[in-house]
Amino acid sequence: MNILNKPFDTPYNSAPFSKISDSDYLPAFKIAIDKARTEIDAITKNTEAPSFENTIEALDFSGEELDRLSSIFFNMNSAETNDAIQKIAQDVSPLLSEFSNDVTLNQALFERVKAVYNTKNTLQLTKEQETLLDKKYKGFSRNGANLPEDKKQELRDIDKNLSKLKLTFGENVLAETNNFELHITNEEDLAGLPEGAKEAASNLAESKNKDGWLITLDYPSYIPFMTYADNRELRKKLAIASGAKAFQNNKFDNQENVLQIAKLRFKRANLLGYKTHAHFVLEERMAKNPETVETFLNELLEKAKPAAENEFKNLEKFAKNLDGIDQLQKWDGAYYGEKLKQKLFDLDDEKLKPYFKLENVINGAFTIAKKLFGLQFEEINNIDKYHDDVLTYKVTDTKGDLVSIFYADFFPRPGKRNGAWMTVYKPQYIKNGENSRPHISNVCNFTKPTKTKPSLLTFNEVTTLFHEFGHALHGMLANTTYPSLSGTSVFWDFVELPSQMLENWCYEQEALEIFATHYETGEVIPMDLIQKIKASSTFHEGMQTMRQISFGLLDMSWHGQDPTTINNVKSQELKAFENTKLYPDVSENCMSTSFSHIFQGGYSSGYYSYKWAEVLDADAFEYFQEQGIFNVDVAKKFKDNVLSQGGTDDPMVLYKRFRGKEPQPDALLKRAGLIEK
């Protein structure tokens with residue numbers, strides 16, 4: 001019998017990675033889909049009158065094997081993929097899309113759900129049960145259950161197409177990332193590059209049997225080169241290659257995919273009675289509609305733009321004085337920004353990196369989680385890993401009870417997509433009186449240890465680790481009855497609150513002293529460096545804010561209006577960036593063709609949520625600062641009202657329970673230095 005279709009005989013019911021072959025996946029999916037169909041049939045054929053328990057609850061717990069299999073497979077497709085897995089993903093996605101539609105378009109099932117929904121005022125439901133009932137009903141109505149048969153078929157076809165297009169989009173971006181190498185054989189071309197980055201480039205070349213040094217588009221290779229390399233021509237070459245991903249009229253080109261995805265999403269929204277894709281998506285967000293998002297982004301832009309333009313002018317002047325640069329280009333921003341930052345604050349990442357050894361930062365995050373939430377992390381080696389780089393931990397509470405299993409995967413490799421994310425291998429839920437604990441994973445792409453140095457993180461990578469660990473805590477501390485409401489299953493403009501909130505500890509002396517110690521001497525990071533980190537935290541904040549706003553506006557330009565007449569991806573993008581433009585445009589570059597967040601991931605019509613959640617996190621952290629950043633009472637309120645609650649209630653209700661009031665945008669603007677404190 002296929003190992004993926006039976007209960008795992010493993011410690012903590014963990015995924016048996018080493019025993020799974022790629023060839024197991026497709027047959028396992030077919031069996032799991034059949035099992036899930038049988039479970040759905042059992043609900044629809046139940047002769048008893050529809051009730052919350054026999055319909056809504058039964059539906060939420062159905063398909064458990066399929067959900068678990070999907071999480072394992074699609075996580076592998078992101079973190080440890082290969083040609084075979086990518087091919088299986090193309091075969092499996094339409095099957096899953098079809099099954100999902102078979103459920104949401106199942107008239108008999110919808111009638112039962114509707115029957116329960118129509119009597120909800122007479123049922124004695126808990127708030128969580130009310131939320132689940134509402135979510136299940138909307139899950140049908142928002143996915144076509146009220147449509148006539150011919151329109152249902154049209155919806156199925158759209159969904160099948162979309163699932164394939166999104167996969168292809170991601171595969172093209174990964175292929176383009178992997179296909180580019182900047183091969184350097186003259187050491188002078190590496191002038192300015194820190195020793196650690198040079199050594200990593202040398203190791204990479206050696207691993208591919210090449211002389212000299214290799215720079216790639218993977219962030220740990222790309223970012224140091226763009227930030228420190230003196231050779232402007234090579235920075236230009238690298239920047240153009242990065243910006244041209246899937247925009248080169250080759251077999252990995254995504255222009256047509258972008259147009260198709262935007263148009264199909266619009267068509268789907270219209271079919272369901274919504275004006276645009278953004279209207280459809282935002283109905284289930286804190287923002288509620290595109291008008292709120294546009295207003296939010298434009299109000300922020302109004303505050304950030306003068307600061308951004310001023311910062312840009314100063315940077316231009318600095319580059320002109322230093323190197324006679326007449327026109328600052330995109331490949332100059334990080335380079336001169338770093339030089340100006342060093343001049344203003346006498347602070348550069350290379351000075352900081354020795355204090356941020358990866359293992360120490362991980363332990364620091366664990367210690368902070370212990371001080372705030374009473375969690376204990378113990379590395380264990382009795383569960384399977386999908387790659388040798390992966391670290392595995394057992395997480396327990398103050399009583400020693402299991403809270404979660406935690407996987408951590410920190411280094412780049414060819415089968416792993418760029419960036420950093422948190423994901424779930426098994427959700428938390430309560431069934432038959434047993435609280436089944438979650439299996440959570442953080443995946444990042446940090447510089448690997450070299451022959452002479454451990455993995456030393458830039459300060460930006462430190463905040464990335466804390467950010468993803470904040471998402472992980474949201475998953476680990478989940479304590480809800482139903483799997484679909486558990487952990488990070490919340491509105492997308494609320495999901496970034498725990499992650500962005502945790503980043504704040506990286507700037508606090510009390511927290512830094514826990515983990516920022518020199519990897520060679522053990523010396524705690526000096527006070528003056530902490531003050532410089534604090535002082536530099538708002539450096540170029542206007543430009544950073546404007547950049548994030550520009551991405552949010554680009555997202556809304558694809559999804560908040562009718563895209564049917566758009567036939568040129570680049571022109572559409574230039575229009576969207578009109579009010580946020582600082583650097584001259586680069587004709588060979590296009591962001592949309594590799595904007596995976598909105599065209600492959602779940603952020604379509606939702607990119608604004610990073611900024612939205614920053615308002616929440618700045619306001620929330622202000623509460624900690626008032627009471628003490630390790631105040632256990634405030635931490636308990638945050639854990640009990642936000643982290644453990646998942647999507648059981650409206651996010652604003654949860655937030656106000658924690659904070660006692662609605663969030664104030666001024667906290668963010670003050671922190672960013674955009675208004676006076």
Quick check: are there more than 12 heavy atoms from other residues, nucleotides or ligands sitting under 6.0 Å from [atom1] of [X]?
{"X": "Tyr219", "atom1": "OH", "answer": "no"}
{"X": "Asp83", "atom1": "CG", "answer": "no"}
{"X": "Asn363", "atom1": "CG", "answer": "yes"}
{"X": "Lys305", "atom1": "NZ", "answer": "yes"}

Does one side chain, of [X] or [Y], offer a donor that lies under 3.5 Å from an acceptor on the other?
{"X": "Thr81", "Y": "Asn77", "result": "yes"}
{"X": "Thr185", "Y": "Asp211", "result": "no"}
{"X": "Asp230", "Y": "Tyr335", "result": "yes"}

Do [X] and [Y] make a side-chain contact, defined as non-hydrogen atoms from C-beta onward lying under 4.5 Å apart?
{"X": "Tyr25", "Y": "Val92", "answer": "no"}
{"X": "Ser596", "Y": "Phe169", "answer": "yes"}
{"X": "Tyr583", "Y": "Leu328", "answer": "yes"}
{"X": "Phe551", "Y": "Tyr603", "answer": "no"}
{"X": "Phe17", "Y": "Tyr407", "answer": "yes"}
{"X": "Phe494", "Y": "Ser609", "answer": "no"}
{"X": "Leu347", "Y": "Gln342", "answer": "no"}
{"X": "His467", "Y": "Glu496", "answer": "yes"}

request  = Verify ring pair (Phe, Tyr, Trp, His ring centres under 6.0 Å) between Phe466 and Phe515, making sure each step is shown before the conclusion.
outcome  = CA-CA 12 Å; Phe466 270 72; Phe515 64 88; 5.5 Å; yes
Are the side chain of [X] and the backbone of [Y] linked by a donor-acceptor contact shorter than 3.5 Å?
{"X": "Ser455", "Y": "Thr447", "value": "yes"}
{"X": "Asn231", "Y": "Leu190", "value": "no"}
{"X": "Glu503", "Y": "Thr464", "value": "no"}
{"X": "Asp218", "Y": "Pro220", "value": "no"}
{"X": "Asp493", "Y": "Ala613", "value": "no"}
{"X": "Glu523", "Y": "His518", "value": "no"}
{"X": "Ser536", "Y": "Lys532", "value": "yes"}
{"X": "Lys385", "Y": "Val390", "value": "yes"}
{"X": "Glu316", "Y": "Gln327", "value": "no"}
{"X": "Ser404", "Y": "Met476", "value": "no"}

Considering only NZ, NE, NH1 and NH2 on the basic side and carboxylate oxygens on the acidic side, decide whether [X] and [Y] come within less than 4.0 Å.
{"X": "Lys353", "Y": "Glu350", "value": "yes"}
{"X": "Asp323", "Y": "Arg232", "value": "no"}
{"X": "Asp617", "Y": "Arg671", "value": "yes"}
{"X": "Lys416", "Y": "Asp409", "value": "yes"}
{"X": "Lys575", "Y": "Glu578", "value": "no"}
{"X": "Glu80", "Y": "Arg413", "value": "yes"}
{"X": "Glu199", "Y": "Lys451", "value": "no"}

key: CG on Asn82 to CG on Asp22, rounded to 0.5 Å   =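 It is 4.5 Å, given to the nearest 0.5 Å.
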query = At what distance, to the nearest 0.5 angstrom, does OG of Ser93 lie from NZ of Lys164?
reply =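 Atom-to-atom, Ser93:OG and Lys164:NZ are 8.5 Å apart.
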For [Y] together with [X], are the ring centres under 6.0 Å from each other?
{"X": "Phe180", "Y": "Tyr222", "answer": "no"}
{"X": "Phe595", "Y": "Trp558", "answer": "no"}
{"X": "Phe469", "Y": "Phe377", "answer": "yes"}

request  = For Glu513 and Gln509, run side chain to side chain donor-acceptor pair (under 3.5 Å): C-alpha distance rounded to whole Å, both residues' side-chain angles, the deciding distance at 0.1 Å, then the answer.
outcome  = CA-CA 6 Å; Glu513 286 176 345; Gln509 182 186 344; 2.8 Å; yes
side-chain hydrogen bond (donor to acceptor under 3.5 Å, both in side chains) partners of Asp585, counting only residues at least two apart =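 Checked Asp585 against side-chain hydrogen bond (donor to acceptor under 3.5 Å, both in side chains); matches are Lys570.
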ask   = Can you name the residues that form a side-chain hydrogen bond (donor to acceptor under 3.5 Å, both in side chains) with Lys210, not counting sequence neighbours?
value = Glu181
query = Pick from Thr517, Thr458, Leu512: which one makes a side chain to side chain contact (heavy atoms under 4.5 Å, CB included) with Phe356?
reply =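 With Phe356 as partner, Thr517, Thr458, Leu512 yield a single side chain to side chain contact (heavy atoms under 4.5 Å, CB included), made by Leu512.
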message = For a side chain to side chain contact (heavy atoms under 4.5 Å, CB included) check, start with the C-alpha distance between Thr580 and Leu301, then their side-chain angles and the critical distance, and finish with the verdict.
response = CA-CA 8 Å; Thr580 57; Leu301 181 59; 3.8 Å; yes
Residue pair Lys453, Glu195: steps toward the salt bridge (Lys or Arg N to Asp or Glu O under 4.0 Å) verdict = CA-CA 10 Å; Lys453 277 196 181 80; Glu195 278 310 311; over 6 Å; no
task = Determine the sole option in Ser557, Ser592, Ser550 for which the side chain to side chain donor-acceptor pair (under 3.5 Å) test with Glu573 is passed.
result =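 Among the candidates, only Ser592 passes.
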Heavy-atom closest contact ([X] atom, [Y] atom, distance):
{"X": "Ser587", "Y": "Phe247", "answer": "O-CE2, 3.7 Å"}
{"X": "Ala511", "Y": "Ile368", "answer": "CB-CD1, 3.9 Å"}
{"X": "Ser207", "Y": "Leu204", "answer": "OG-O, 2.7 Å"}
{"X": "Asn257", "Y": "Asn254", "answer": "ND2-OD1, 2.8 Å"}
{"X": "Ser605", "Y": "His559", "answer": "OG-CB, 3.2 Å"}
{"X": "Ile85", "Y": "Phe73", "answer": "O-CZ, 3.5 Å"}

task = Given side chain to side chain donor-acceptor pair (under 3.5 Å), test Gln248 with Glu176 step by step and report yes or no.
result = CA-CA 10 Å; Gln248 303 189 71; Glu176 292 273 87; 2.9 Å; yes
query = Checking side chain to side chain donor-acceptor pair (under 3.5 Å) for the pair Gln260/Glu256: CA distance, chi angles, key distance, verdict?
reply = CA-CA 6 Å; Gln260 287 286 326; Glu256 192 51 40; 3.1 Å; yes
ask   = In a check of salt bridge (Lys or Arg N to Asp or Glu O under 4.0 Å) between Asp332 and each of Arg235, Lys236, Lys339, which one passes?
value =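 Between Asp332 and the candidates, salt bridge (Lys or Arg N to Asp or Glu O under 4.0 Å) is satisfied uniquely by Arg235.
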ask   = Do Ile184 and Phe225 pass the side chain to side chain contact (heavy atoms under 4.5 Å, CB included) test, and can you show the C-alpha distance, the side-chain angles, and the key distance before you say yes or no?
value = CA-CA 12 Å; Ile184 294 172; Phe225 198 88; 3.8 Å; yes
